[in-house]
Amino acid sequence: MEHIANIVTADLDVMQVRKDFPILQRQVHGKPLVYFDNGATTQKPQVVIDAEARYYEEYNSNVHRGVHHLSQIATDAYEKARRIVAGYINAAHEHEVIFTKGTTESINLVATTMSRGYLKAGDSVIISAMEHHANIVPWQIACEVSGATLKVIPINERGELIMEAYEAMLDDTVKMVAVTYVSNTLGTVNPVEDIITLAHQRNIPVLIDAAQAIQHLSIDVQALKPEFLAFSSHKIYGPTGFGVLYGTTEWLNKLPPYQGGGEMIKTVTFAKTTYNELPHKFEAGTPHIAGAIGLGVALEYLQGTGLDKIQRWEKQLQEYALESLRTIDGIRFIGDAANRSGAISFLVHNIHPFDMGELLDQQGIAVRTGHHCTEPLMDFFKIPGTVRASLTFYNTMEEVDKLVAGVKRAASMLL
Ligand code: C6P
């Protein structure tokens with residue numbers, strides 16, 4: 001196919017962007033790396049790698065704890081990262097940005113603290129059928145501890161939420177709604193605006209799992225108005241082991257602390273401990289300082305590259321990939337939502353996803369295979385797993401062609 005769109009219609013200079021990511025220049029099994037596992041983790045631009053290294057080389061020190069020079073520089077850099085994150089999602093206050101280990105910890109923080117007094121027997125929590133395990137299991141545990149019930153919004157065969165069912169579920173027992181913005185397996189973009197509006201009509205707080213949305217969509221928390229929003233740094237070109245929980249001041253003040261230890265205290269005696277203010281109340285222990293700095297730089301890099309350009313290119317690439325993959329004999333898409341982003345899951349004839357994944361790997365093409373931590377979705381579609389290609393802005397149409405040719409080659413060997 002003609003790849004003129006690579007250069008002309010997309011105002012993003014993809015070839016230039018690719019130079020910013022050193023790993024994209026490497027080979028795998030003697031072939032140029034084609035990286036389509038961005039849903040699992042994205043690659044890091046050199047500026048992020050350099051910023052992390054600079055912290056360790058030049059001002060490694062603990063934060064908020066020392067009056068000495070290095071500690072002050074580290075604290076400033078750490079708090080600057082919070083400012084950048086707050087600006088990126090348009091939080092009303094920097095203290096509404098809590099630093100965590102990632103999406104999983106952010107959701108666990110909310111579910112665990114809600115189970116300590118807020119959720120009670122007879123209450124219910126709503127999640128959806130397309131949640132990642134990280135937005136299922138913490139709520140199951142919270143329900144077990146509190147005696148609340150877990151309810152699940154069903155989906156249709158295209159992998160879209162059945163909104164009428166959701167509306168019908170919203171009764172007086174519901175004390176929390178926690179749903180994913182974008183499905184990591186299906187690529188479905190959920191109507192989170194409607195989900196939040198309907199919940200708010202009954203004063204129910206909402207948590208949005210934005211792990212697969214933050215890197216593809218613009219999120220303005222003051223416009224969207226979730227009470228909580230969680231995402232991971234490593235899926236938005238930042239370091240692993242780091243992430244964000246956004247929460248409104250009201251709700252973060254309402255919830256008890258999650259973990260006890262350094263930084264989250266104001267005063268400690270054996271009789272009683274008083275807790276620190278936001279955001280420190282939820283940041284016990286020495287944090288991943290380099291992670292925060294790296295995430296801040298990653299977000300600045302995206303803003304510098306241009307979010308509009310990135311999103312336009314990703315849309316074109318996604319349409320091209322769907323159209324090209326459709327030409328493969330025997331392909332079945334798992335998830336065919338009208339509104340989608342990021343992940344494209346598929347199966348070809350009855351080929352096991354692992355076999356397909358292995359043969360693609362031999363051609364230097366990295367995709368993810370398996371249940372993608374969404375086992376209930378696999379049960380719904382009655383499949384063992386999928387092959388998942390998750391695209392992002394440094395991918396090219398040539399790489400999509402390689403994937404399509406690779407899948408055809410693998411299929412011809414396996415059938
Ligand atoms: N999904 C994937 O390949 P952590 O591991 O905490 O950074 O993110 C957990 C998580 C939560 N919600 C969603 C929607 C996710 O996609 C993920 C991570 C990866 O799909 C690893 S399983």
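Counting starts at 1 for both ligands and their atoms, in listed order. One-based numbering along the sequence shown.
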| query | Does any N/O atom on Q212 come nearer than 3.5 Å to any N/O atom on ligand 1? | reply | yes
| said: Any nitrogen or oxygen of E105, side chain or backbone, less than 3.5 Å from one on ligand 1? | reply: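 Looking only at distances, the answer is no, because the N/O contact criterion of under 3.5 Å is not met.
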| message | At under 4.0 Å between heavy atoms, is it the side chain or the backbone of E131 that contacts ligand 1, or both, or neither? | response |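 None of E131 does.
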| note | Counting heavy atoms under 4.0 Å, the part of H371 that contacts ligand 1 is neither
Cut-off 3.5 Å, side chains only: do [X] and [Y] have a donor facing an acceptor?
| X | Y | answer |
| --- | --- | --- |
| N38 | Y394 | yes |
| E96 | T249 | yes |
| T149 | S124 | no |
| S183 | T188 | no |
| S345 | T185 | no |

For [X], counting its heavy atoms only, list the atoms of ligand 1 lying under 4.0 Å from any of them.
| X | result |
| --- | --- |
| S232 | 4 (P), 6 (O), 7 (O), 8 (O) |
| A40 | 2 (C), 3 (O) |
| T180 | 14 (C) |
| T104 | 4 (P), 5 (O), 6 (O), 8 (O), 9 (C) |
| R368 | 2 (C), 3 (O), 19 (C), 20 (O), 21 (C), 22 (S) |

| request: Any ring pair (Phe, Tyr, Trp, His ring centres under 6.0 Å) involving residues 120-177? Give me the pairs, sequence neighbours left out, ordered by first then second residue. | output: H133-H371
| N-O pairing of K408 and D329 below 4.0 Å |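 Judged by the 4.0 Å cut-off on N to carboxylate O distance, K408 and D329 do not form a salt bridge.
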| query | Considering only protein heavy atoms, which is closest to atom 15 (C) of ligand 1, and at what distance to one decimal place? | reply |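 Looking at atom 15 (C) of ligand 1, the protein heavy atom closest to it is H132 CD2, 3.4 Å.
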| Hey, what do you get for CG (L360) to CZ (R368), rounding to the nearest 0.5 Å? |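 These two atoms lie 15.5 Å from each other.
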| task | Report yes or no: does a heavy atom of K235 sit under 4.0 Å from some atom of ligand 1? | result | yes
